Amino acid sequence: MRLNIVAYMFRRIFIYYSYYYDMATKNDLKWEENYQLLKAYIIEHKHLPDKKKIENRGLLNWWKYNKKRIKMGKMDAEHLIKLQQLNNMREYGYSLTERKF
């Protein structure tokens, strides 16, 4: 019985992810990759990458490009929320998941 439940859940998860990745564009996947990289950087360093250091300049440029898209009104709601969370993490120096209420 338990094996059937596990197999059912695995099948549901597989269907969900295969649907998501089939529907997501290459640009969406790249955006999500850059988001995760910048999020990891902010969690570790508590600030945005330094523009004078070449190794992480691409992440800073990605951040600035997305801020520009927000000002032009071209950012979709899901991405906007994620970028606001990154901004809060940067301003307050902690991850929102680490926050204690």
Side-chain angles (χ1 to χ4, degrees):
M1 180 72 166
R2 183 174 170 92
L3 185 58
N4 290 340
I5 294 171
V6 171
Y8 174 75
M9 293 303 294
F10 179 79
R11 194 170 38 244
R12 298 279 297 174
I13 291 169
F14 179 78
I15 290 169
Y16 172 78
Y17 281 110
S18 62
Y19 175 77
Y20 175 77
Y21 284 112
D22 286 344
M23 297 303 290
T25 65
K26 188 175 181 180
N27 288 340
D28 289 337
L29 296 175
K30 187 66 176 168
W31 193 96
E32 188 64 33
E33 179 184 346
N34 283 329
Y35 168 78
Q36 293 298 331
L37 288 171
L38 186 58
K39 181 178 178 182
Y41 186 92
I42 290 173
I43 288 172
E44 182 179 345
H45 299 284
K46 310 292 190 238
H47 59 80
L48 290 173
D50 187 2
K51 68 179 180 180
K52 295 182 179 170
K53 293 185 180 174
I54 257 176
E55 58 270 3
N56 293 311
R57 192 177 297 162
L59 288 177
L60 181 62
N61 289 339
W62 180 83
W63 170 259
K64 291 191 297 187
Y65 171 74
N66 281 291
K67 295 296 274 185
K68 186 177 179 180
R69 288 191 68 212
I70 290 170
K71 289 179 184 177
M72 293 188 308
K74 294 184 176 182
M75 183 68 61
D76 66 349
E78 180 184 342
H79 289 170
L80 181 61
I81 290 169
K82 287 183 172 187
L83 289 174
Q84 287 173 341
Q85 289 174 345
L86 281 183
N87 197 39
N88 290 340
M89 289 168 57
R90 180 178 64 95
E91 286 178 0
Y92 299 119
Y94 55 79
S95 169
L96 295 177
T97 57
E98 296 173 357
R99 188 173 176 180
K100 300 207 179 351
F101 295 98

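Because only heavy atoms are used, hydrogens play no part in the values below, and waters and symmetry mates are left out as well, while side chains stay in. Remember, it's a predicted structure, so these values are computed and weren't measured experimentally.
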Distance-only donor-acceptor hits, side chain of residues 60-72, under 3.5 Å, sequence neighbours excluded:
unit_1: Asn66; atom_1: OD1; unit_2: Trp31; atom_2: NE1; d: 3.1
unit_1: Asn66; atom_1: ND2; unit_2: Trp62; atom_2: O; d: 2.8
unit_1: Arg69; atom_1: NH2; unit_2: Lys74; atom_2: O; d: 2.8

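The side-chain hydrogen bond (donor to acceptor under 3.5 Å, both in side chains) test with Gln36 singles out one residue from Glu33, Glu32, Lys39, and that residue is Glu32.
The shortest heavy-atom contact between Tyr35 and Gln85 is OH-OE1, 3.9 Å. Annotation for Met75 and Leu80: closest pair CG-N, 3.7 Å, computed over non-hydrogen atoms.
Interatomic distance, CG of Leu83 versus CD of Glu78, reported as 10.5 Å (0.5 Å rounding). Rounded to the nearest 0.5 Å, atoms CG (Leu59) and OH (Tyr41) are 8.5 Å apart. Taking NZ of Lys52 as the reference point, atom CZ of Arg57 lies at 10.5 Å (rounded to 0.5 Å).
With Asp76 contributing its side chain and His79 its backbone, the two residues share a donor-acceptor pair below 3.5 Å.
Remark: Asn87 engages Arg90, Glu91 in a side-chain hydrogen bond (donor to acceptor under 3.5 Å, both in side chains) (not counting sequence neighbours). Partners of Glu55 under the side chain to side chain contact (heavy atoms under 4.5 Å, CB included) rule, at least two apart in sequence or in another chain, are Lys53.
Counting heavy atoms from C-beta outward, Leu48 and Leu38 have side chains that approach closer than 4.5 Å.
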